[in-house]
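In what follows, a single structure is set out as structure tokens and then discussed.
All values derive from a computational prediction rather than experimental measurement. Residue numbers start at 1 and run along the sequence shown. These values consider heavy atoms only, across backbone and side chains, with no hydrogens, waters or symmetry-generated copies.
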Amino acid sequence: MMESGAHFCNSCGEQVGHDANGELFVACHECYFPICKACFEYEVNEGRKVCLRCATPYADRAKDNDDTKGYGNQSTMAAQIDVSQDVGLHARHVSTVSTVDSELNDESGNPIWKNRVESWKEKDKKNKKKKSAPKAQNEAPIPQEQQMEEIQSSEAAAAEPLSAIIPIPKTRITPYRIVIVVRLIILGLFFHYRVTNPVDSAFGLWLTSIICEIWFAFSWVLDQFPKWCPINRDTFIDRLSARYERPGEPSQLAAVDFFVSTVDPLKEPPLITANTVLSILAVDYPVDKVSCYVSDDGAAMLTFESLVETADFARKWIPFCKKFSIEPRAPEFYFSQKIDYLKDKVQPSFVKERRAMKRDYEEFKVRINALVAKAQKTPDEGWTMQDGTSWPGNNSRDHPGMIQVFLGHSGAHDIEGNELPRLVYVSREKRPGYQHHKKAGAENALVRVSAVLTNAPFILNLDCDHYVNNSQAVREAMCFLMDPVVGRDLCYVQFPQRFDGIDRSDRYANRNTVFFDVNMKGLDGIQGPMYVGTGCVFNRQALYGYSPPSMPKLSKSSSCCCCPSKKQTKDVSELYRDAKREELDAAIFNLREIDNYDEYERSMLISQMSFEKTFGLSTVFIESTLMESGGLPESADPSMLIKEAIHVISCGYEEKTAWGKEVTLKCQCSSPIGWIYGSVTEDILTGFKMQCRGWRSVYCMPLRPAFKGSAPINLSDRLHQVLRWALGSVEIFFSRHCPLWYGFAGGRLKWLQRLAYINTIVYPFTSLPLVAYCTLPAICLLTGKFIIPTLSNLASALFLGLFLSIIITSVLELRWSGVTIEALWRNEQFWVIGGVSAHLFAVFQGFLKMLAGVDTNFTVTAKAAEDTEFGELYIIKWTTLLIPPTTLIVINIVGVVAGFSDALNGGYESWGPLFGKVFFAFWVIFHLYPFLKGLMGRQNRTPTVVILWSVLLASVFSLVWVKINPFISRADSSSISQTCISIDC
């Protein structure tokens, strides 16, 4: 960016300069943060005696500089500063700068921003002196020894890490890696044998099987190698409290904004949403640091009224939770627990208050149910509010933006008079003709609203059916995000998804245990887990499209392959312009520390940076993005915040901005901000874009699950859920953000991490070879041919070695991950079930949508379910997705019957070749068995009609097969007939 011989200060933009010995001035020998001596002395005089980047105390470093003692040679220092030259604590890499050099200088040629910053610094000094003068007169001087002890103790506390990495023991991970390598070698030898030994009598079947097996091997590599370096993590909540919650002082914990999204209250029950909100409001965290934003994207009056009831019930529920430290803090799930609720409870009043609270909750449920019953039929004139005015959201596709603040600092307090967390209802504006981008658009609207009203530095998003199961989950996340070492380049902390209400055997692998307990641990050892859509705590700055503070800024087209730059090198004027833009960037972020500046100066600087083209036309929101530590600017007018919040959720606010997409400004691509648009699985795309910019993520697995949700446990709903995920992956594959070609120029996404993202977007295409491979056993049994020639000893050893390596890999994976063998088998079964149904339809639907613009929907017809504990498990919903796996089961069963019939006719010689074919067919049937069981309905009872039809069809087909023998020539058939006739029975 700048000339290689000059090193510029990240505070003032001037050259760093040299010390008394003529060597390059270095303030911090730990990270070589580039700062000039004047700014260094200013920081020390102001009481900031630690490095701006690594937080290393300046005390010893300043002495070293005065004594001119170098740390390493000068070339080493220069190299370190060159690498981090574009990096600063306040540097934010917004790529839509359109400043002109003439706008940056005054008449005398001096930079305008530098004059302003100097004047603001002088004002800031005077204010601080005025504020500190009365304190100096009233407070007694502290002895120097006591000051040193306090400094040493504070430094010792700050040095303690808030989290720790627990590597997998070598006795478990080393054999695992060895077996992976051995399996890879055996695969190579296996394919060499398969390719060099074709089956001439069944060449088509052989070629199909080879293609399928090569694709399966490729998929295995994509899935296996990102699990090469799995790790576990541990957190120290007690250290977090000791550091940021000292007795007698206000809590220094960072604020958190919770996002809850809902659309249709008739499909997403308001009672479930209410429980999620109540569990959030009752978390074990300072109440003034918690704000809950509920997005109602359907503008339903039912959701609004249920939230009013929820806010009223929270005044009783929250003090009860905190008084008795109950878990979980969602009342529906707390009162339904089948455990001894008196365990560890010592307060005599607990039983009485619990009974009273349970009664209050049942009354609350009745009120919510009454609202739901009332909402079943919409009046012809639309809904009317209590004051007689019409509900603004009567037309869910054409309504203004709505915001209502409940509870909070200025709202109602609990029954004990204590302040409650803030609860905000948000329904963004919708108008015909605008693209609203579904959930991703709703989340981005919440980002802007929360930035205007509370602006917490961290954001936790949850689905409406995911409640807080561990009240200390936020503290668990803060152990990473507030750690000065770990949290600096951290974009989010992802928690695993856990579910309630799933049958004991987890028939359809709803828990996704293998993914959350194996794959995600593997990714945590590389660059961090993927974002899975819920249960994730974000760094707000990462959502704004900024790069990590410790990394240099990416060029505007570095991660974009579709906008190649016309020039590979820059001339002197371009270098000078870039340097000035960086100086102005640093000046903008220094505004956070300046209290005395007027609105005109702030607006002009913001306009110069062209932030409007990135963040939209809201000065209040843009100013909030400059506050890295969160909080509202002191210049903000509270009376105008709601009006500004309504403005940022207007349907036209995102027009010509970088929200959710990459906009093109002067033929250069700027970083998208917020949740990314363009796919129904916006979660994968959003996390991928962050990690392409160099951010890391962390996987947090507390002993008590942080969040729990509900999962669709019947077959059809589960397949439709998988269909939506697979369709999103196909959309990403056909987009410009595909991991196969996106983000290479920056070089910040590690290659194993890229393999994992490639796997997430290509796995639906495995359905094509999987369907073909599952059809091969039936064809082989019906035609009497096979895809493998007669095995030699070497071939038998290869097959045996391959099967053993697969089994040993799975066993060792279970050993280090702690996953049960049942969960692994269920995951394997549903991989086949989903692959031959939902993934197959997703591929074809993706092709139709991307190539022809045709959007295909699959309808579901449901029948009544029995009212039992897992009654929903037995619901049969006929849908198109059921056709392919049903067909595969039928043809494989028919093939097995035909194969045995043929073997009975063929004599002893036919049983040997039959074994391999039948084993192949039973492999398919066993994997599809949960699907077959789902079609049967009840868990332990097969419908009589199914048994009768199965026996009848099998008997008829066997008799017809013996009589006709369609795959034998007529000559052979006649000779067999004559032989049979000559036998005297």
Would you please test Trp695 and Tyr492 for ring pair (Phe, Tyr, Trp, His ring centres under 6.0 Å) and show each step?
-> CA-CA 9 Å; Trp695 290 96; Tyr492 59 81; 9.8 Å; no
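- Checked against the 6.0 Å centroid threshold, Phe707 and His466 do not count as a close aromatic pair.
- Between the side chains of Ser650 and Arg428, no donor N or O sits under 3.5 Å from an acceptor N or O.
- Other residues, nucleotides and ligands contribute over 12 non-hydrogen atoms within 6.0 Å of the CD atom of Gln376.
- Counting only heavy atoms from C-beta outward, the side chains of Arg329 and Val283 never approach each other to under 4.5 Å.
- Side-chain N or O atoms of Ser427 include one that pairs as donor or acceptor with a backbone N or O of Asp296 at under 3.5 Å.
- Under a 4.0 Å N-O distance rule, the pair Asp463/Lys439 qualifies as a salt bridge.
- Residue Met402 comes nearest to Ala299 through the heavy atom pair CE-CB, 4.0 Å, listed as atom of the first residue, atom of the second, then distance.
- The closest side-chain donor-acceptor pair between Asn394 and Ser390 falls under 3.5 angstrom.
- Here the shortest heavy-atom pairing between Lys322 and Ala282 reads CE-O, 4.1 Å.
- Using cut-offs of 30° and 60° on the angle between ring planes, the pair Tyr653 and His647 is perpendicular.
- Taking the ring centroids of Phe324 and Trp317, they lie at or beyond the 6.0 Å cut-off.
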Criterion side chain to side chain contact (heavy atoms under 4.5 Å, CB included) on Tyr285 and Leu253, from CA distance to verdict = CA-CA 9 Å; Tyr285 209 70; Leu253 291 173; 3.5 Å; yes
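- The backbone N or O of Gly417 sits less than 3.5 Å from a side-chain atom of Asp414, completing a donor-acceptor pair.
- Checking side-chain atoms of Ser679 against main-chain N and O of Thr681 turns up a donor-acceptor pair under 3.5 Å.
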Just do the side-chain hydrogen bond (donor to acceptor under 3.5 Å, both in side chains) check on Glu654 and Tyr677 with the steps written out, would you?
-> CA-CA 12 Å; Glu654 295 183 357; Tyr677 303 149; 2.8 Å; yes
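- Aromatic pair Phe615/Tyr544: centroids less than 6.0 angstrom apart.
- For the residue pair Ile326 and Phe350, the shortest heavy atom distance occurs at CG2-CE1, 4.4 Å.
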For the pair Ser261 and Glu443, evaluate side-chain hydrogen bond (donor to acceptor under 3.5 Å, both in side chains) and give the outcome as yes or no after the intermediate values.
-> CA-CA 8 Å; Ser261 301; Glu443 295 287 350; 2.7 Å; yes
Ser306 vs Thr273, side chain to side chain contact (heavy atoms under 4.5 Å, CB included): CA-CA, chis, key distance, verdict = CA-CA 9 Å; Ser306 64; Thr273 305; over 6 Å; no
Using the side chain to side chain contact (heavy atoms under 4.5 Å, CB included) rule, take Arg422 and Leu407 through it: C-alpha gap first, then chi angles, then the decisive distance, then the call.
-> CA-CA 5 Å; Arg422 182 176 302 198; Leu407 309 177; over 6 Å; no
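- A centroid separation of less than 6.0 Å is found between the aromatic rings of Phe538 and Trp675.
- Side-chain atoms of Thr534 and Gln497 include no donor-acceptor pair closer than 3.5 Å.
- Expressed to the nearest 0.5 Å, how far CD of Glu268 lies from OG1 of Thr262 amounts to 4.0 Å.
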Start with the C-alpha distance between Tyr467 and Phe333, add both sets of side-chain angles, then the distance that settles ring pair (Phe, Tyr, Trp, His ring centres under 6.0 Å), and finish with yes or no.
-> CA-CA 9 Å; Tyr467 64 91; Phe333 302 95; 4.1 Å; yes
